[in-house]
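Read the structure below first, then the notes.
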Amino acid sequence: QVQLVESGGGLVQAGGSLRLSCAASGRTFSNYHMGWFRQAPGKEREFVAVISSSGTGTYYEDSVKGRFTISRDNAKNTVYLQMNSLKPEDTAVYYCAVSSKWSLSTNGMDYWGKGTLVTVSS
């Protein structure tokens, strides 16, 4: 079992920045790939970014490339999502998730956090 707790969400104006954190506990964090997903009101949960267990590999959804950066600190059991140049369409609940396999799919994740709300005003 892995417990995940997200933090760092909030209200920000368009063009602004936020950094999300996800603290993990329960199992060896460095064994897992970590992902960020988001769910906007009335929409399905979608992939945002993923980072490999070692931190050397990353992948992003096209709309966030160049604006968002995923990183991790295995010593702190924490994964981060730095979000810059935020747009109103980035408004969503952001979830972190872990997977023992490399995956960009919600179905491929093993454990989920409860999410943190990001609201971007225009």
Side-chain angles (χ1 to χ4, degrees):
Q1 192 81 3
V2 176
Q3 293 78 41
L4 303 170
V5 179
E6 303 95 335
S7 61
L11 174 64
V12 63
Q13 289 189 331
S17 298
L18 283 175
R19 188 174 83 153
L20 306 183
S21 299
C22 174
S25 62
R27 285 195 177 177
T28 305
F29 178 73
S30 59
N31 288 346
Y32 291 93
H33 308 305
M34 301 292 297
W36 284 99
F37 294 75
R38 65 186 180 187
Q39 188 166 17
K43 295 188 176 181
E44 293 187 352
R45 194 170 299 186
E46 64 177 9
F47 166 78
V48 175
V50 65
I51 188 166
S52 64
S53 56
S54 65
T56 57
T58 59
Y59 191 82
Y60 297 90
E61 192 270 331
D62 284 346
S63 70
V64 307
K65 284 181 182 177
R67 299 190 298 124
F68 291 10
T69 302
I70 189 171
S71 62
R72 67 190 293 161
D73 185 338
N74 284 346
K76 295 182 178 180
N77 289 354
T78 302
V79 63
Y80 304 98
L81 186 68
Q82 177 67 44
M83 306 186 295
N84 299 329
S85 302
L86 282 161
K87 304 175 181 180
E89 51 264 44
D90 294 317
T91 294
V93 177
Y94 283 71
Y95 299 88
C96 72
V98 301
S99 177
S100 57
K101 300 178 182 178
W102 183 260
S103 176
L104 310 182
S105 168
T106 56
N107 292 333
M109 297 295 116
D110 299 319
Y111 301 99
W112 292 88
K114 294 185 177 181
T116 184
L117 177 63
V118 172
T119 304
V120 184
S121 63
S122 57

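Starting from 1, each residue takes its place in the sequence as its number.
- Between Val64 and Met83, the closest side-chain pair of non-hydrogen atoms is not below 4.5 Å.
- Nearest approach of Ala24 to Phe29, heavy atoms of both residues: CB-CD1, 3.4 Å.
- Put simply, NZ on Lys87 and OG on Ser63 are 7.5 Å apart, with the number rounded to the nearest 0.5 Å.
- Remark: Ser105 engages no residue in a side-chain hydrogen bond (donor to acceptor under 3.5 Å, both in side chains) (not counting sequence neighbours).
- Thr28 is linked by a side-chain hydrogen bond (donor to acceptor under 3.5 Å, both in side chains) to nothing, counting only residues two or more places apart in sequence or in another chain.
- Separating the CD1 atom in Ile51 from the SG atom in Cys96 is a distance of 12.5 Å, to the nearest 0.5 Å.
- Connection of Val79 to Val5 is not established within any shared hydrophobic cluster, with ILVMFWY side chains joined at heavy-atom distances below 4.5 Å, either directly or through further cluster members.
- Residue pairs meeting the ring pair (Phe, Tyr, Trp, His ring centres under 6.0 Å) criterion with at least one member in residues 74-96: none, sequence neighbours excluded.
- Each of Ser54, Ser53, Ser103 was evaluated against His33; a single residue qualifies, Ser53, per the side chain to side chain contact (heavy atoms under 4.5 Å, CB included) test.
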Using atom types as modelled, flag every donor-acceptor pair under 3.5 Å from a side chain in residues 11-22 to any protein atom, sequence neighbours excluded.
from, atom 1, to, atom 2, distance (Å)
Ser17, OG, Asn84, OD1, 2.9

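- Residues in residues 44-54 take part in these salt bridge (charged side-chain N to carboxylate O under 4.0 Å, His left out) pairs, two or more places apart or across chains: Arg38-Glu46.
- In this structure the side chain of Val2 never reaches within 4.5 angstrom of the side chain of Asp110, judged on heavy atoms.
- Sorted by first and then second residue, the pairs that involve residues 68-77 and meet side chain to side chain donor-acceptor pair (under 3.5 Å), not counting sequence neighbours, are Arg72-Asn74.
- Across all their heavy atoms, Leu86 and Arg67 have their closest contact at CA-NH1, 3.9 Å.
- To the nearest 0.5 Å, atom OG of residue Ser99 and atom OH of residue Tyr32 are 9.0 Å apart.
- Judged by distance alone, with hydrogens and angles left aside, the side-chain atoms of Gln1 form no donor-acceptor pair with the main-chain N or O of Gly26 at under 3.5 Å.
- Under a hydrophobic clustering in which Ile, Leu, Val, Met, Phe, Trp and Tyr are joined whenever their side-chain heavy atoms come within less than 4.5 Å, directly or via other members, Met34 and Val48 fall into the same cluster.
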Identify each donor-acceptor pair in which a side-chain atom of residues 112-122 lies under 3.5 Å from a protein atom, sequence neighbours left out, and give them as a table.
from, atom 1, to, atom 2, distance (Å)
Thr116, OG1, Gly9, N, 3.1

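- Sorted by first and then second residue, the ring pair (Phe, Tyr, Trp, His ring centres under 6.0 Å) pairs involving residues 41-75 (not counting sequence neighbours) are Phe37-Phe47.
- By the side-chain contact (heavy atoms from CB on, under 4.5 Å) test, Ala23 pairs with Thr78, sequence neighbours left out.
- Pairs of residues two or more places apart, or lying in two chains, that qualify as salt bridge (charged side-chain N to carboxylate O under 4.0 Å, His left out) and include a residue from residues 47-62 are Asp62-Lys65.
- Among residue pairs with one or both ends in residues 57-93, none qualify as disulfide bond (SG atoms under 2.5 Å apart); sequence neighbours excluded.
- Leu81 and Tyr111 end up in the same hydrophobic cluster when Ile, Leu, Val, Met, Phe, Trp and Tyr side chains are linked at under 4.5 Å.
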